Amino acid sequence: MDLTGQIANFHFNHILLNAAGVKCQTTAELDQVLASPYSGSVVTKSATPMVRPGNPSPRYYQLPEELGSINSMGLPNEGFAYYLDYVLNKQTDKPVFFSVAGLTKDDNLAMLMELEQSDFNGLVELNLSCPNVPGKPQTAYDFEATRAILTEVFAFFTKPLGVKLPPYFDMVHFDMIAAVLNDFPLAFVNTINSIGNGLAIDPHTDTVVIKPKGGFGGLGGSLVKATALANVRALRERLNESIKIIGTGGVTSGRDVYDLVLCGADLVEVGTQLMVEDTPVFERLEGELANELDKKNYQSLAEIRGKLQTIA
Ligand SMILES: CC(C)(C)CCc1c(C(=O)O)[nH]c(=O)[nH]c1=O
């Protein structure tokens, strides 16, 4: 059975990997994800130029009844140089994703310039969920700002680059972001990032469950699946075929992986469920995915990729 994927010139023997932010802050975590026989790759925690401790804890919380998670980590990471050193020296046959999330456009441009001039030969993911300028929405919700930064990036960047997008909830927004992205030679789009600024309450104490931002945080896990499916499907329908799609959000079973591939995903990332089960989740999910394909006598993911049926 062929459970592989392709982005640019990179072939992935398995389509599952971690979502940026989960199991990818330290070299030990990155090694563990890569060492899993059932992961196809690994993505680093989104890097800023300097080390960041991130927000005060509690900053991550697992919601009850396996509904999902809420987080306001605040971009804790070991700093750009740490991850560049890792990807340059790590021996692996698997393609590696390097995620960057500068808090300013100049930070992003500086990190991308260093990656461009380095010997890194993997894929780069620009996290557009980062704030643009104070008082304005995150970059990906500011279509002109998105066009502006991609214009500056592609003036010098020649390696395979993709963008990590927050979810959109309006059909016109799908049209608008696709119109921007189709103007650039992107290798991929990764959708979705967490659903921004959710709120969860501890019923025993009538208190929010995370400390930063008065309890507001990004939502992940099963409760975001329908939004993830919609964003993968909407962007697959709108983006040039040359722009591949990484489907992220709401994956807790092989059926969820299957559904994202049906919507058009070339690779699939696991966040909240990887926090729950650790790296054995990759083997479980791939086994369940194979069973889903078997049920319908499919031999490869290529037979179902993008083949979601509508009702005539
Ligand atoms: C939300 C930002 C802190 C601007 C970027 C990092 C990030 C975080 C984070 O580090 O809080 N959490 C997410 O769910 N998605 C993200 O992209």
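Being a predicted model, the structure only gives us computed values, none of them experimental. Read the numbers this way: they start at 1 and go in the same order the structure lists the ligands and their atoms. Residue numbers start at 1 and run along the sequence shown.
Taking the six-membered ring for Trp and the full ring otherwise, the centers of Phe188 and Phe10 sit at least 6.0 Å from each other. Here Phe143 and His173 bring their ring centres to under 6.0 angstrom of each other.
Enclosure of atom OH in Tyr38 is not indicated, since only 12 or fewer non-hydrogen atoms of other residues, nucleotides or ligands lie within 6.0 angstrom. The local environment of NZ in Lys211 is sparse, with at most 12 non-hydrogen atoms from other residues, nucleotides or ligands closer than 6.0 Å.
Taking any N or O of Leu75, backbone or side chain, at least one lies under 3.5 Å from an N or O belonging to ligand 1. For ligand 1, the polar-atom distance check finds no N/O of Pro76 at less than 3.5 Å from any of the ligand's N/O atoms.
For atom 8 (C) of ligand 1, the nearest non-hydrogen atom of the protein is Asn71 OD1, 4.0 Å. Regarding atom 7 (C) of ligand 1, its nearest protein heavy-atom neighbour is Lys45 NZ, 4.4 Å.
Remark: ligand 1 atoms within the under-4.0 Å shell around heavy atoms of Ser129 are 4 (C). Residue Asn193 has at least one heavy-atom neighbour below 4.0 Å for each of these atoms of ligand 1: 13 (C), 14 (O), 15 (N), 16 (C), 17 (O). Atoms of ligand 1 lying under 4.0 Å from any heavy atom of Ser194, numbered from 1 in the order shown and given with element: 13 (C), 14 (O), 15 (N).
For Gly74, the closest heavy-atom approach to ligand 1 falls below 4.0 Å. Using a 4.0 Å heavy-atom cutoff, Arg59 is absent from the residues neighbouring ligand 1.
The side-chain heavy atoms of Asp183 and Arg147, taken from C-beta on, include a pair separated by under 4.5 Å. Residues Val42 and Lys94 form no side-chain contact, since every pair of their non-hydrogen atoms from C-beta on lies 4.5 Å or further apart. Side chains of Leu301 and Leu289 form a contact here, defined as non-hydrogen atoms less than 4.5 Å apart.
Neither the backbone nor the side chain of Asn55 has any atom closer than 4.0 Å to an atom of ligand 1 (non-hydrogen atoms only).
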